[in-house]
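Below: the structure, in structure tokens.
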Amino acid sequence: MVATVSIPAYTGPIEALLHLVSSHQLDIFDIPLADMVDGFVAEIASWETVDLQAVSEFISTAAMLIELKSKRLLPGSGEIEPDEELIGWEERDLLLARLLECQAYAAAADGFALLIEQAAKAIPRTAGLDPDFVVHAPDLLEGVTPDQIAAAFMRATAERPAPVVDLYHVTVDAVTVADAVTEMVRRLPGSGRASFRQLTGHLTSRIEIIVRFLALLELCKQGRVSLDQGHTFGDLEVAWVEGAPTNLAVTGLPTDEYEG
Amino acid sequence: MPLSAVARAVEAVLIVAVEPVPTGILAELLELPVDQVEVVCDELIESCHSDNRGFEVVRIAGGLRIQTHPDLAPYVERFANVGVSSRLSAAALETLAVIAYKQPVSRAQVAALRGVNVDGVTRLLEHRGYIIPVGRATGPGQAVLYATTDAFLERLGLDRLDQLPPVEDLLPGPEALAELEEQMRPVGDA
Amino acid sequence: MPLSAVARAVEAVLIVAVEPVPTGILAELLELPVDQVEVVCDELIESCHSDNRGFEVVRIAGGLRIQTHPDLAPYVERFANVGVSSRLSAAALETLAVIAYKQPVSRAQVAALRGVNVDGVTRLLEHRGYIIPVGRATGPGQAVLYATTDAFLERLGLDRLDQLPPVEDLLPGPEALAELEEQMRPVGDA
């Protein structure tokens with residue numbers, strides 16, 4: 001069963017009424033709320049069984065309409081958009097749900113603290129094997145040679161890299177979009193159409209390929225190349241625009257270096 | 001009542017163990033089916049209580065462990081100078097609670113819920129060994145997902161995660177809800 | 001017969017003790033005269049036998065210790081071998097190599113070199129008879145010094161240590177080692 005209302009301006013489900021109001025198709029002042037409620041109460045009386053779902057839906061929606069109307073009636077609050085109001089409510093409900101969840105976890109944290117306190121009163125035995133207990137274990141040095149011991153020593157005492165991430169020791173393939181643009185301007189004119197795969201086939205690192213792509217986008221923006229992709233995820237067709245300038249003095253290029 | 005031969009063997013193994021021993025390993029050692037070993041473990045656990053021993057055998061973090069009886073903590077603490085394991089802050093405990101209930105979960109998810117950055121706290125919890133990265137989310141960014149460890153269970157004295165109370169039971173009552181709504185009014189009306 | 005309250009306390013202390021506990025210390029803890037503590041210890045020792053426990057309490061080196069009952073040794077030994085791979089891990093081999101070439105050397109020195117805690121590994125190596133404590137350092141803390149054993153040489157088919165292949169000594173001198181060790185102290189002592 002659906003909660004319906006019947007007022008001069010509108011007859012139908014109450015939820016749709018709220019939508020009409022929030023989308024400005026109906027003025028809240030044209031809705032006699034008291035009559036609307038009376039009408040609904042009279043309707044309930046005619047039901048054989050009370051549908052709680054429909055009743056709660058009515059109450060919740062009617063409450064929103066009442067709050068909306070009372071706010072509109074107050075001076076100085078006319079500028080609040082009804083749909084903004086509704087958004088506010090929705091956000092508030094989400095925030096409320098989140099806060100409730102947080103309170104539940106705070107209660108759980110209190111429980112954890114209690115458990116930890118109780119558990120700390122019992123101390124586990126960690127003495128391990130009796131010191132004079134003889135274990136007849138398989139020989140762990142089976143097959144190990146003196147040379148391997150020497151090699152292990154060298155490994156153990158080899159200088160260790162400092163535990164900080166020190167980029168000075170890393171070989172960096174610095175590639176710039178400007179370099180890639182230069183390369184494309186040299187290569188593309190006169191070569192007809194080329195696919196992006198052909199243009200990047202000789203590259204090994206992903207960052208170089210990405211930078212090449214950025215360079216092509218830049219040239220496309222400057223109107224010097226045309227890019228065409230037949231279908232989604234298809235290979236990109238690159239063509240030099242006939243008559244476009246082939247000077248290298250490109251301006252406004254990003255100068256960032258991309259490190260691979 | 002004197003212990004059965006198998007219960008004695010289990011006790012001996014637990015005496016030399018340095019961490020909880022899973023019943024599966026005990027079953028292997030004793031060459032007995034696991035469910036039979038469980039019965040033996042129950043016998044051992046019960047005997048420590050009925051014989052009024054100074055220690056108890058408990059099921060913890062998925063295994064069995066020998067530990068001192070809690071009511072003797074005053075003596076043991078004086079002797080072993082224990083009880084110095086540093087306390088966890090309220091923030092750390094709450095973050096730990098969120099991870100425990102929602103695992104596997106990313107830092108961003110925990111932060112979104114708690115409303116604060118939790119990077120430092122998760123680092124601390126990971127350093128203490130209570131949480132561990134268990135994989136990556138499939139979505140964009142492939143966030144690292146965290147789960148709780150056996151050390152977490154041990155610290156709380158729990159055998160399994162499902163011994164934690166259901167989080168629904170921890171939700172605040174209607175009064176707290178009304179109070180929250182009251183606090184939120186200025187936000188909603190702003 | 002259920003244990004007396006004092007015997008329970010003694011048992012709890014022995015459960016957490018790693019080395020034999022002198023009765024004098026027990027007397028201090030319990031605030032009882034030593035001869036009374038001796039009676040309590042007898043009660044405890046006796047109870048383990050009459051209750052047919054898997055462990056026994058023994059008087060050793062002027063103190064008391066809990067150890068597994070001798071007739072359960074087969075289980076204990078099997079347990080000790082569970083999860084032990086038949087080969088040394090790379091980490092264990094490196095630790096053994098450092099001890100072999102730098103002996104006598106303390107755990108802290110090896111740890112300082114390898115950059116990781118080596119307590120577990122040295123215990124394993126000592127337990128398997130490849131290394132042995134040979135004395136104590138003279139400095140503060142008097143760290144235990146380890147050396148390799150004859151069994152170690154025998155396994156490698158060597159007669160003498162100097163038959164180990166020569167290695168280029170990349171190690172800093174003893175002063176630098178001491179310094180490294182110093183840096184580690186806060187961690188080790190925490």
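Note that the structure is a prediction, hence the values are computed from the model and not measured. In what follows, every heavy atom counts, from backbone to side chain, and hydrogens, waters and symmetry copies are set aside.
Between the side chain of A:R125 and the backbone N or O of B:I66, no donor-acceptor pair lies under 3.5 Å. Side chain of B:T68 to main chain of A:I123: a donor-acceptor pair is present (N/O by atom type, distance under 3.5 Å, no hydrogens or angles).
In the displayed structure, B:Q163 atom CD is contacted under 6.0 Å by more than 12 heavy atoms of other residues, nucleotides or ligands. In B:Y101, the OH atom is crowded: over 12 heavy atoms of neighbouring residues, nucleotides or ligands sit closer than 6.0 Å. More than 12 heavy atoms of other shown residues, nucleotides or ligands fall within 6.0 angstrom of atom OH in A:Y10.
Of the listed residues (B:T95, B:I60, B:D169, B:L170), the one with the most heavy-atom contacts under 4.5 Å to chain A is B:L170. In terms of heavy-atom pairs under 4.5 angstrom with chain A, the leader among B:L72, B:L14, B:L171 is B:L171. Among B:V98, B:L113, B:L158, B:V167, the residue making the largest number of heavy-atom pairs under 4.5 Å with chain A is B:L113.
Aromatic rings of B:F152 and A:F112 (six-membered ring for Trp) have centroids within the 6.0 Å cut-off, being under it.
A salt bridge links A:E101 and B:K102; the closest N-O separation between the charged side-chain nitrogens and carboxylate oxygens is under 4.0 Å.
Listed here is the closest heavy atom pair of B:R65 and A:A122: NH2-O, 4.3 Å. Of all heavy-atom pairs spanning A:K121 and B:A73, the tightest one is O-CB, 3.5 Å.
For the pair A:I116/B:L93, a side-chain contact is recorded, criterion being any heavy-atom separation below 4.5 Å from C-beta on.
Only the backbone of B:A112 comes within less than 4.5 Å of a heavy atom of chain A; no side-chain atom from C-beta onward does.
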